[in-house]
Number of protein chains: 2
Amino acid sequence: MNTLRNVDLIIEARWIIPVEPANTTLEHHAVVIDKGLIADLLPIHKSHECYTATEIVELPEHVLLPGLINAHTHAAMSLLRGIADDLPLTPWLQDAIWPMEQKLVSSQFVYDGTSLAAAEMLCGGITCASDMYFFPDDAARAFSDAGMRAALGITIIDFPSNYATTADDYLHKGLQARENWKENPLINFALAPHAPYTVSNQSFERIATLAEELDTGIHIHIHETTQEIRGSLAQHGVRPLARLDGLGLIGPNSQLVHAVYLTECEQQLIAARNCSVIHNPTSNMKLASGIAPVNSMLAQGINVALGTDGAASNNRLDIFQEMRHAALLAKVTSGDASALPAHQVIRMATLNGAQSLGLQEQIGSIQHGKEADLCAVSLGSPQNTPCYDPASHLVYVAGRESVTDVWVQGKPRVRTGSLLHASNKELLSISRLWQNATKR
Amino acid sequence: MNTLRNVDLIIEARWIIPVEPANTTLEHHAVVIDKGLIADLLPIHKSHECYTATEIVELPEHVLLPGLINAHTHAAMSLLRGIADDLPLTPWLQDAIWPMEQKLVSSQFVYDGTSLAAAEMLCGGITCASDMYFFPDDAARAFSDAGMRAALGITIIDFPSNYATTADDYLHKGLQARENWKENPLINFALAPHAPYTVSNQSFERIATLAEELDTGIHIHIHETTQEIRGSLAQHGVRPLARLDGLGLIGPNSQLVHAVYLTECEQQLIAARNCSVIHNPTSNMKLASGIAPVNSMLAQGINVALGTDGAASNNRLDIFQEMRHAALLAKVTSGDASALPAHQVIRMATLNGAQSLGLQEQIGSIQHGKEADLCAVSLGSPQNTPCYDPASHLVYVAGRESVTDVWVQGKPRVRTGSLLHASNKELLSISRLWQNATKR
């Protein structure tokens, strides 16, 4: 007689998309989870022969996939969701967003806004976010309280804000926050110089040195608009990417956010340096920035991940929407309906996101030994049926409204569509409070 | 003492977007409905002074707007939702869709598929659809049974199908269906020659004459792909629009579906002839057809409405998604983030749709004397808050998952998110049946 191994949790699903191996949809498989880690992935009937579990979750009409990774956001800006829509970029920033941030941004604003964003993301199947904003210590606290994984950007910008005064001050406070959270396995930090047009060469050089010393990522907005590139040519005589490469910032830890405008040569450079690009298709459309050359970047072998950007320029923190928009834009810009197929875009939203954050050994796929960050999507409602291919259904049919269950490190965060750690009432009182504050 | 007028229904909403007058969001207003018609629109407190009602519906955190109009779909293709995704257009049609249609399409397939589609559309706030498919009599029956408004296309195509053999046969059967439904106020018919490349000059001439005699719309796919235009130049020596104009098909009743490729002159012609264009942004992206010049068409004064196309090429029958995609594409293609603002795109999804179908006197706005086709969207969930502008929230934040209540002619079809006329169980058994049939 076999001895059954007892584990914490078994999730039995109609379909599982493990992401690695690529282009695979398993049917009637089970993920076995113990101590927060994925212990096995095998057919359901075999799991009964090998394991018993403290808890068994049955998902008879669901796809189970790795938790989605939002590789670029400004989480606390959820409190400014849609505050200045349908405006051109410059008045949007200068007349609406910046004055409002000057009026409101504080430690409490960041904790509250990040809490609201974390709730929205978890409910939409996102288990990890890469965040760039002010007061990263408070953002980390909000993500930690929500039980969500996060990479916090240590924002560095050569302009004073309610948070810090000089580039040195930003860096000092950010490094202190990093120190505060170093024992928390869910919370990571990266250096986040805001953009080429807001950070000096001197600051960039310091960041390059520090990133090497601390072995952290470098998260930066780059080549988002033609205006940015024209400005750099006028001021520095080179395009932003070339300037940053000269300063030592373009390497395997670099997370190049937006990268809408890239020449062939620049793509070759990014590929050669093993950088990641974070594609934010919805924000790039809504702010009329442009459409990033994703097909071409993928063909060059560049690791392309997906981000939502902040809720003031999107206005949903919804990686299902970003998957759909990435796939649709790749098709229409190439004139090829087979461009960026479903499995590939799911990989961008999971394993590529993990790789961009240097977390590819821990998360991003359903494989033995990885942490159990998982998301379940029901395809059982009439508008999700019939279903001929669960992978393409995730991209073109189902949305975040079909997410039912979410786990981080094997711990449930969303069950049957309900967030476990906070009530709608609490979240609504947060957004009401800050909406009122905008009017004062 | 005032005498209160007794009416059937009063809907009291936090916000109302009546669409006409344009760019208007009313707060704390009530729509008064009697005998299926909109009898009044006034502040809630005044409604209490003037009316009593058999039923009062309170929508304290909702936007009430006209029912959305899906101005182009192939409803029964919901049964082929996602059956052949990520394929180039020609193999998609020739190797997947057409053989499957040959295998399956029947009177029952169309009734069942249209029923599934009608349920999906009603739950997503769509109260009227313009449909082009086979067996229009059965499609009409499905829409009627669902209590939804529809304009049925009398499809005419010079190819035999399971439904009809010759152009004459299609026309004859379609006109018979029109006759069968002439007493039903929710069911309209239009002549629907499939496309320039599938209908002969002789058939087009007959259609032009008939459309004038019967005063019906002409609904046609046109200028969807560059291939279509090249084919027309090779075969007829002119582009499809010029050919159809020569045959008398381009007039105020014409509904030009897709219109992705249009020269400046062609847009001027369409504007001068008072045609409508039906923009299907998601389908045009997914099939890699291209991006229609919507900003330029609107600037020319062309009436542009929105359509989902069929579920095999979208794969959601979701006008909220089409609004979002229309707005985002208009911005990114123009480089202007203020292009196609929220109120304008909501108008495209409502009043412009009504006008394309010749129903602008009956539906498409919340105005005295119009029929009470209405849709309520809750903005009360955490991911829909804060809300600074309900109009832009409808386009960029909320989706069909936030639709709670839908009325057609003042009759409730969806209440607090639940479809009233059919159960999920019934709908799922339909899709299961036909999914199994694809495998036989």
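Within every chain, numbering begins at 1; the chains are lettered A, B, ... in the order of the sequence lines, protein sequences first and strands thereafter.
Heavy atoms of A:Asp85 lying under 4.5 Å from chain B belong exclusively to its side chain. For a residue to count as touching a neighbouring chain, one of its non-hydrogen atoms must lie under 4.5 Å from one of that chain's; by this rule A:Ser78 touches chain B with the backbone only. With a 4.5 angstrom heavy-atom cutoff, A:Ala119 does not touch chain B via any of its atoms. If you measure heavy-atom distances from A:Leu287 to chain B, the contacts under 4.5 Å come from the backbone alone. Within the 4.5 angstrom heavy-atom criterion, no atom of A:Arg432 approaches chain B. The part of A:Ala398 that comes within reach of chain B is its backbone (N, CA, C, O), which places non-hydrogen atoms under 4.5 angstrom from that chain. Contacts between A:Leu87 and chain B at a heavy-atom distance below 4.5 Å involve the backbone alone (N, CA, C, O). With a 4.5 Å cut-off on non-hydrogen atoms, A:Asp318 does not touch chain B at all.
Comparing B:Val397, B:Thr226, B:Leu427 by how many heavy-atom pairs each has under 4.5 Å with chain A, the most go to B:Val397. Across B:Val395, B:Asp389, B:Leu79, B:Asn284, the residue that shares the most heavy-atom pairs under 4.5 angstrom with chain A is B:Leu79. Contact count against chain A (heavy-atom pairs under 4.5 Å) is highest for B:Ala337 among B:Cys123, B:Ser381, B:Ala337. When each of A:Lys425, A:Lys331, A:Lys439 is scored by its heavy-atom pairs under 4.5 Å with chain B, the top score falls to A:Lys331. Here B:Ser338 is the residue among B:Gly124, B:Ser338, B:Pro91 with the most heavy-atom pairs under 4.5 Å with chain A. Counting heavy-atom pairs under 4.5 Å between each of B:Ala327, B:Ala288, B:Ala84 and chain A puts B:Ala288 at the top.
Residues A:His325 and B:His325 are in side-chain contact: their nearest non-hydrogen atoms beyond the backbone lie under 4.5 Å apart. Taking 4.5 Å as the limit, every side-chain heavy atom of A:Thr333 sits out of range of all side-chain heavy atoms of B:Ile291. Considering only heavy atoms from C-beta on, A:Thr385 stays 4.5 Å or farther from B:Arg81 through its side chain. B:Pro386 is not listed as a side-chain neighbour of A:Ile83, based on a closest heavy-atom distance of 4.5 Å or more.
The line from CD of B:Glu401 to OG of A:Ser402 is 9.0 Å long, rounded to the nearest 0.5 Å. Rounded to the nearest 0.5 Å, atoms CZ (B:Arg316) and CZ (A:Arg324) are 4.5 Å apart.
Residues A:Trp434 and B:Tyr388 approach most closely at O-OH, 4.4 Å, considering heavy atoms.
Checking B:Val332, B:Leu328, B:Leu329 one by one against A:Leu329, the side chain to side chain contact (heavy atoms under 4.5 Å, CB included) holds for a single residue, B:Leu329. Residue B:Tyr396 is tested with A:Asp86, A:Thr282, A:Asn314 for a side-chain hydrogen bond (donor to acceptor under 3.5 Å, both in side chains); the sole match is A:Asp86.
With 3.5 Å as the limit, one finds no donor-acceptor pair spanning the side chains of B:Arg400 and A:Gln383.
Side-chain atoms of A:Glu120 never come within 3.5 Å of backbone atoms of B:Pro382 as a donor-acceptor pair (strictly under, hydrogens ignored).
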